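As structure tokens, the structure follows; a few thoughts come after it.
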Amino acid sequence: MEIRELKSRLHDRSESVIKHLLPQGKQSSGEWKVGSTAGDAGQSLSVRLTGDKAGVWSDFATGQSGDLIDLWREVRGLTLVSALDEIRSYLGVEPHKFDKPLRESFTKPNRPQCSAPSGKMLEYLTHERGLTLETINAFKVGTTDTAIFFPFIKNGELTLVKYRPLDGKPRPTEANCKPILFGWQAVADDAREIVICEGEIDAMTMHQYGYSSLSVPFGAGSGGKHNWLAHEFNDLERFETIYLCMDTDAAGLEAADDLSERLGKHRCKIIELPHKDVNECLKQSVTKSEIQDAIENAKQIDPEELRRAGDFYDQVHKTFHPTTTAESGYSVPWAGFNELRFRPHEITLWTGASGAGKSQLLSHASVGFINQGAKICLASLEMTPAQSLKRMVKQAGNVDVPTDGHLHATLDWLDDNLWLYNHVGRTTVEKLLDGFEYARKRYGVDTFIIDSFMRLANISVDDYKAQSDAMFELTDWAVNRPVHLHLVAHARKGQDSKDVPDVEAVKGTSEIGANAFLIIGVWRNRKLEDELIQAELSGDSDEIRRLKSMAGVKINIAKDRNGESEGKRPLSFDKRTFRYYSGHLDTSEYFKRDTAEVNLVQVGG
């Protein structure tokens, strides 16, 4: 268990830990008072007992201070590593054990025949690399007339040696030595933060700047480059913060990402330097203050999905102050539906019994979307493009049977903003989304329609898992793009024909409705239609007028995640133009009136 978790567990039982370490103390005003870490009588050492700062202590006689781990180490007279072992035992934390032991048949390197740096080697280290004698001695670096030797020492044992000719790169003196980090011999026993560098001289340079540092044994990269982790993982648990100071090239970035993933992103921070590595910074006279700033501003590699609230300012601002119709959401062409908006990154589910008119209603809504500037891709898997366009021409042109000129003009108007997925029958979600993605990228399409859900391949009526998988895939695609996806789905057969469909009426798995932002139920008053037919046959004008004044369709906005438009509303239907209207008959026409604008070749294509 790493140090952060141990610290948290100690904090949870601060008072008992404090009294366990310093039983001679006395409580006073929320603090535990004692004379020293040795338990002497007095009050110069105070430890906070409760609150966020529980366990924080200061000895005003010596100037020492710290948290409960520091207190444990001082009271027991232990190194940090030994103190953490005692704390684990106190807390009852067992070390991880694995059935498969690490391979221990490593070669122990011979002590190199070298001496303290002198001559041209010392000049290289001090003048060209900028290292001080103090730094060189702290890492026990030796040289011969032709090479520099970097000893990898841990707990007093020489484990690996790398040598570097002046005209070459460092490499091990012997094969099959145990891979560990370079620099443990210079790390203070009480260090709780560490910098891991890409090279030995970089680690020495960071030490010279005043920071405990180590270096990876085999350079940057990932995978096998980091086999040393198996032998260093437990010893790195003592560090609350691990700074990764890799080169700024691709291999260095890859190493930083891999190491932060394996050592824990919550405690790893990436140092960004003004030059390619820290030794280059030293050679370029980068000051200690500038390096301190780089470390203080080191960034954590948060999971890509984890973001701060402030990162979304622009997107939130747009929801309050949209600058385009697409951002505010397209609206339907019917009075009384002002709050109903179809915004980017959302899915709307249109449902109703077979023949209720849900596809036809959505078709009319689409004409309204196009009139507001929407670019639509319609995948009608139940009707040919010609059938879909016939309906839209009637609705856009407010006509039963258009003249050739009217047809050309209306299709030309639709042509700028409407694309049709030319496939009738079943198709896979993957293939459909590939087509949608192409239309989005090439043509800027922002509104997509699938009619209907059950026409997607590999989805059967009773296969709820396949339905859920398909719905999740569609949802993931839509919410991660600036598009709105309209999905038509049938209502359950058991749905009462007298009731407007609600959230529970959708046929299939509950995940279909659960993933939708909007659910719009469509109900058709067939009894009213039958009565109107009878009145027309009998020639009863008063009855015809009365029946026509009644709404033949009801819309139920059964779900709106934005909480703005839920509720039931009536609509009337004009069977001559396939248009819907609320209140007065809508006679608007959408087409290019100037025949000079009509591109017959484009329409005919």
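Quick caveat, the model's predicted, so the values are computed rather than measured.
Looking at Glu157 and Trp184, their side chains never bring a donor and an acceptor atom within 3.5 Å of each other. When only modelled atom types and interatomic distance are considered, Trp477 and Glu437 share a side-chain donor-acceptor pair under 3.5 Å. Side-chain contact annotation: Glu290 with Thr287, donor-acceptor N/O pair under 3.5 Å present. Under 3.5 Å, the side chains of Thr79 and Asp189 contain no donor-acceptor pair of N or O atoms. Defined by atom type and a distance below 3.5 Å, a donor-acceptor pair is missing between the side-chain atoms of Glu31 and Ser29. Side chains of Glu86 and Ser82: no donor on one and acceptor on the other come within 3.5 Å. No side-chain donor-acceptor contact under 3.5 Å links Lys265 and Ser260. A donor atom on one side chain and an acceptor atom on the other are found under 3.5 Å apart for Gln208 and Thr135.
The heavy-atom pair separating Pro217 from Leu181 by the smallest distance is CD-CD2, 4.3 Å. Minimum interatomic distance between Phe139 and Ala203 (heavy atoms only, all atoms of both residues): CZ-O, 3.9 Å. For the residue pair His11 and Asp52, the shortest heavy atom distance occurs at NE2-O, 3.4 Å. Listed here is the closest heavy atom pair of Ile347 and Ala478: CG1-CB, 3.8 Å. Ile148 and Met121 get closest at one heavy-atom pair: CG1-SD, 4.1 Å. Minimum interatomic distance between Ala191 and Leu80 (heavy atoms only, all atoms of both residues): O-CD2, 3.2 Å.
Taken from CG in Leu125 to CD1 in Ile201, the straight-line distance is 6.0 Å, to the nearest 0.5 Å.
Of the possible donor and acceptor atoms, none in the side chain of Asn556 sits under 3.5 Å from a partner among the backbone N and O of Glu566. Lys26 contributes no side-chain N or O that, together with a main-chain N or O of Gln43, makes up a donor-acceptor pair within less than 3.5 Å. When atom types are taken as modelled, the side chain of Trp57 and the backbone of Leu68 share no donor-acceptor pair closer than 3.5 angstrom. Proximity of a side-chain donor or acceptor of Arg238 to a complementary backbone N or O of Arg192 within less than 3.5 Å is not detected. A donor-acceptor pair under 3.5 Å is formed between the side chain of Glu198 and the backbone N or O of Asp247. The closest donor-acceptor contact from the side chain of Lys559 to the backbone of Gly513 lies under 3.5 Å. Of the possible donor and acceptor atoms, one in the side chain of Asp560 sits under 3.5 Å from a partner among the backbone N and O of Ser565. The main-chain N or O of Ser58 is never found under 3.5 Å from a side-chain atom of Ser65 such that the two would form a donor-acceptor pair. The main-chain N or O of Arg164 is never found under 3.5 Å from a side-chain atom of Lys169 such that the two would form a donor-acceptor pair. In this structure, the side chain of Ser44 does not engage the main chain of Ala61 through any donor-acceptor pair within 3.5 Å.
A salt bridge is defined here as a Lys NZ or Arg NE, NH1 or NH2 lying under 4.0 Å from an Asp or Glu carboxylate O, and Lys318 with Asp314 fails to meet this definition. Salt-bridge formation is not detected for the pair Asp249/Lys276: no Lys NZ or Arg NE/NH1/NH2 atom is positioned less than 4.0 Å from an Asp or Glu carboxylate oxygen. Salt bridge status for Arg4 with Glu240: absent, with no side-chain N to carboxylate O gap under 4.0 Å. A salt bridge between Glu237 and Arg88 is present, with a side-chain N of the basic residue lying under 4.0 Å from a carboxylate O of the acidic one. Between Arg341 and Glu564 there is no salt bridge, since no side-chain N of the basic residue sits under 4.0 Å from a carboxylate O of the acidic one. Using a 4.0 Å cut-off between a side-chain N of Lys or Arg and a carboxylate O of Asp or Glu, Asp258 and Lys225 do not qualify as a salt bridge.
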Item to check | Step-by-step side-chain hydrogen bond (donor to acceptor under 3.5 Å, both in side chains) determination, Gln64 to Glu74 | outcome: CA-CA 10 Å; Gln64 294 174 294; Glu74 291 294 334; 3.2 Å; yes

Next on the checklist: side-chain hydrogen bond (donor to acceptor under 3.5 Å, both in side chains) for His484 and Asp446? Distances and angles first, verdict last.
Outcome noted: CA-CA 6 Å; His484 195 103; Asp446 59 11; over 6 Å; no

Item to check | Steps toward side-chain hydrogen bond (donor to acceptor under 3.5 Å, both in side chains) verdict (Gln315, Thr319) | outcome: CA-CA 7 Å; Gln315 294 95 313; Thr319 65; over 6 Å; no

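Under the 30°/60° scheme for interplanar angles, the aromatic rings of Trp72 and His20 are found to be tilted.
Counting heavy atoms of neighbouring residues, nucleotides and ligands inside a 6.0 Å radius, atom CD of Gln284 exceeds 12 of them. Within a 6.0 Å sphere centred on NZ of Lys283, heavy atoms belonging to other residues, nucleotides or ligands number more than 12. Within 6.0 Å of the CZ atom in Arg111, the count of heavy atoms belonging to other residues, nucleotides or ligands does not exceed 12. Heavy atoms from other residues, nucleotides or ligands lying under 6.0 Å from CD of Gln113 number 12 at most. The neighbour count for Asp311 CG, taken as heavy atoms of other residues, nucleotides or ligands under 6.0 Å away, is above 12. A 6.0 Å sphere centred on CG of Asn480 holds more than 12 heavy atoms belonging to other residues, nucleotides or ligands.
Taking the side chain as every heavy atom from C-beta outward, Arg73 and Asp70 approach each other to under 4.5 Å. Under the 4.5 Å side-chain criterion, counting only non-hydrogen atoms from C-beta, Leu122 is in contact with Leu133. In this structure, the side chains of Trp228 and Val216 come closer than 4.5 Å at one or more pairs of heavy atoms. Counting only heavy atoms from C-beta outward, the side chains of Leu485 and Thr348 never approach each other to under 4.5 Å. Side chains of Leu259 and Leu229 form a contact here, defined as non-hydrogen atoms less than 4.5 Å apart. Between Ile136 and Thr126, the closest side-chain pair of non-hydrogen atoms falls below 4.5 Å. Using a 4.5 Å heavy-atom cutoff, the side chains of Ile18 and Arg48 are not in contact. Considering only heavy atoms from C-beta on, Val483 stays 4.5 Å or farther from Pro344 through its side chain.
Between Tyr211 and His207, the gap from one ring centroid to the other reaches at least 6.0 Å. Ring-centre distance between His231 and Phe106: below the 6.0 Å cut-off.
Cation-pi geometry between Arg307 and Phe312 is met: under 6.0 angstrom from the ring centre, within 45 degrees of the axis.
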